[in-house]
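The structure under discussion appears below in the form of structure tokens.
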Amino acid sequence: MYLQLTVGGLLLGCVYGLVAMGLSLIYGVMGIVNFAHGAFVMLAMYASFWLNRFLGLDPVLSSPLIALLMFGFGVLMYHAVIGKVLEGPFLARLLVTFGLSIFLINSAQFLWSPDYRMVENPMFRGIIMLGPVFIERPKLVASIGSLIVAGLIYWFVRKTKTGLAIQAISLDRMAASLMGINIERLNGYAFGLGCACAGAAGAFLAEFYYIFPDVGTMFGLVALVAVALGGFGSTEGALIGAILIGIIETVGGFIVGSEFKYALVFLAYLVIVILRPRGLMGWGAD
Amino acid sequence: MLNVSSISAGYSGVPALTDVSLHINSGEIVTIVGSNGAGKSTIARTISGLVKPTSGTITFNGERIDQLPPHEIVARGLVHVPEGRHVFSKLTVTENLRLGAYTTDSETEIERRLERVYELFPILKERARQTAGSMSGGQQQMLALGRGLMADPKLLILDEPSLGLMPKLVEELFDAIRAISKTGVTILLIEQRVLEALELCHRGYVLQNGRIVTEGTGAELMDSEMVRKAYLGM
Ligand SMILES: Nc1ncnc2c1ncn2[C@@H]1O[C@H](COP(=O)(O)OP(=O)(O)OP(=O)(O)O)[C@@H](O)[C@H]1O
Ligand SMILES: [Mg+2]
């Protein structure tokens with residue numbers, strides 16, 4: 001039974017991990033906590049839903065397209081809103097993504113009603129048996145997909161010139177600008193990449209999860225905890241933190257009752273933050 | 001080559017520079033000396049676009065640059081190696097150097113520049129795969145300088161490159177600066193080691209409380225009563 005639960009938590013944790021990675025990337029580069037991250041997941045879920053409804057595209061198959069759309073949306077959001085307050089007062093920086101989140105959630109309610117929706121006829125469904133463990137196929141696909149996207153983003157940040165510039169900004173913005181790096185443009189890319197993570201995760205989730213305007217809030221919160229767990233600014237840490245949360249949520253939720261599972265997640269967070277203020281692997285942004 | 005014409009600048013309204021004018025001719029080594037807090041670094045930051053002047057103009061090769069963002073100034077060959085090194089500590093030496101050449105995309109050009117930097121600072125080649133943060137202060141300074149050279153500068157601004165270096169390394173560093181100058185790079189050197197800087201430079205400016213108080217050739221400044229008293233302790 002516990003093996004079963006752990007596997008389930010692991011799968012969930014991988015999807016959380018992708019969401020958290022985007023959040024961590026944005027924080028590391030521009031030092032803002034993106035409270036709208038969950039709302040971006042929600043938008044991506046709706047986008048997948050409508051693509052499925054009108055074009056018959058399966059969410060898993062449309063995930064690259066959704067990620068691309070969300071990248072563009074993120075770049076746009078950065079230049080239209082986020083970048084404008086980055087140099088502004090602390091409170092403005094803190095509240096801008098919060099406001100954006102409320103705006104997006106309310107827009108979704110207005111445009112698409114608060115109804116719960118689900119993708120009909122998803123391509124991946126049912127369960128597969130792996131020895132004594134049964135695994136829900138859409139969750140397996142979602143977790144593998146999330147790991148692939150996370151790997152791609154990791155590769156991009158570590159190995160490409162643009163990725164190196166993004167790292168440089170997160171390490172030392174002043175020095176980065178002296179290298180000839182256009183900080184504004186690269187911030188936009190980084191924000192877009194973070195949104196693309198939320199987007200891909202949203203597409204994978206749309207395959208099996210209910211879709212409603214507030215659906216992203218919990219994902220955003222969990223990602224926030226994962227990032228704090230792993231250490232702000234450490235993408236690997238965020239991924240590991242997220243997987244931990246997935247396991248705590250499912251295994252712990254089974255033990256204490258599922259209505260308390262998030263309480264357990266936040267408790268674990270409190271304990272780790274008290275013992276290790278900088279997170280499991282973190283070094284914090286300057 | 002560079003013409004700074006009566007600029008004033010400051011931080012959140014507090015002035016740090018008042019009516020500063022200076023010029024640098026192609027091929028020169030020009031130095032700015034002055035005590036702590038005189039505003040030397042602020043001059044460097046204003047030229048490289050990190051700080052916007054509140055008045056005055058800066059032209060580089062005849063073109064106004066005082067309103068340009070830093071990355072566009074770098075692209076014109078005006079490169080600022082900031083005080084305190086500011087290497088990317090978690091990245092490797094090679095990654096740091098490659099970032100220095102960010103404005104070019106030609107791989108052969110980057111390789112050529114890498115070779116040149118390695119020739120000047122062989123230690124960087126030995127440590128190529130090490131993270132910058134794991135190196136000693138002196139090596140990090142070499143890296144900061146090498147990274148600046150990777151941009152193929154026409155004008156290189158060095159802000160207190162000798163800060164915190166052992167005397168033996170300071171000598172090496174000044175040799176390196178001389179060698180860089182011989183390759184045709186114009187240099188603006190900001191230094192606390194006044195004697196060494198005045199010996200090395202063609203011309204120099206003395207900055208006090210955000211104002212230029214004296215200028216002249218290195219030899220002239222070394223002979224000046226004021227400089228001897230205030231900076232050379234003679
Ligand atoms: N980032 C900053 N914010 C506010 N004030 C600053 C900042 N940097 C420098 N100053 C102030 O501006 C004045 C000039 O500083 P600057 O760093 O240019 O001096 P400096 O000659 O380079 O000194 P040092 O020899 O210590 O490097 C000082 O009074 C300093 O306190
Ligand atoms: Mg200084």
Side-chain angles (χ1 to χ4, degrees), chain A residues 24-25 27-31 78-79 83-84 86-90 154-190 230-238 278-279 281-286, chain B residues 12 41 44-45 47-52 68-107 110 131-133 140 143-153 156-159:
Chain A
S24 168
L25 184 70
Y27 179 79
V29 173
M30 52 210 97
Y78 177 81
H79 290 290
K84 300 264 190 284
L86 221 48
E87 298 301 319
F90 175 74
Y154 187 82
W155 169 83
F156 181 82
V157 171
R158 293 289 147 142
K159 295 293 172 210
T160 65
K161 183 175 172 178
T162 305
L164 201 59
I166 287 175
Q167 283 189 74
I169 297 174
S170 74
L171 290 168
D172 191 328
R173 179 186 318 231
M174 187 266 285
S177 70
L178 291 179
M179 301 299 104
I181 294 170
N182 183 341
I183 306 280
E184 279 302 298
R185 179 187 301 165
L186 272 281
N187 273 353
Y189 290 166
F232 272 95
S234 159
T235 19
E236 305 94 307
R278 301 204 126 189
M281 314 181 54
W283 38 275
D286 299 313
Chain B
S12 23
S41 296
R45 291 188 201 120
I47 295 172
S48 64
L50 292 171
V51 170
K52 292 278 164 270
L68 296 180
H71 68 267
E72 287 187 26
I73 295 177
V74 177
R76 285 164 172 72
L78 200 167
V79 175
H80 172 191
V81 178
E83 180 180 337
R85 307 187 268 271
H86 286 272
V87 293
F88 301 109
S89 55
K90 298 189 97 129
L91 301 182
T92 65
V93 168
T94 322
E95 286 170 331
N96 268 275
L97 291 174
R98 283 181 169 274
L99 278 165
Y102 185 79
T103 49
T104 178
D105 278 325
S106 151
E107 189 57 32
I110 293 172
T131 59
Q140 287 186 24
L143 178 56
L145 195 49
R147 191 181 60 177
L149 288 174
M150 288 297 291
D152 200 19
L156 187 61
I157 303 177
L158 303 173
D159 192 351

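Values reported hereafter were calculated over all heavy atoms of this structure, with side chains retained and with hydrogens, waters and symmetry mates removed.
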Query raised in the report: Distance from B:Leu91 atom CG to A:Leu164 atom CG, nearest 0.5 Å?
Result: 5.5 Å
Query raised in the report: Between B:Arg85 and chain A, which part of the residue has a heavy atom less than 4.5 Å away: side chain, backbone, both or neither?
Result: neither
Requested in this report: Please state whether the side chain, the backbone, both or neither of B:Leu50 comes within less than 4.5 Å of a heavy atom of chain A.
Outcome: side chain
**Report entry** Part of A:Arg173 lying under 4.5 Å from any heavy atom of chain B
**Finding:** neither
Query - Trace of the salt bridge (Lys or Arg N to Asp or Glu O under 4.0 Å) decision for B:Arg45 with B:Glu83 - result: CA-CA 10 Å; B:Arg45 291 188 201 120; B:Glu83 180 180 337; 5.2 Å; no
Query raised in the report: Would a 4.5 Å heavy-atom cut-off, applied to side chains only, mark A:Trp155 and A:Thr160 as touching?
Result: yes
Report task. Evaluate the criterion side chain to side chain contact (heavy atoms under 4.5 Å, CB included) for residue pair B:Tyr102 and A:Lys161; output intermediate values, then yes/no. Result -> CA-CA 8 Å; B:Tyr102 185 79; A:Lys161 183 175 172 178; 3.6 Å; yes
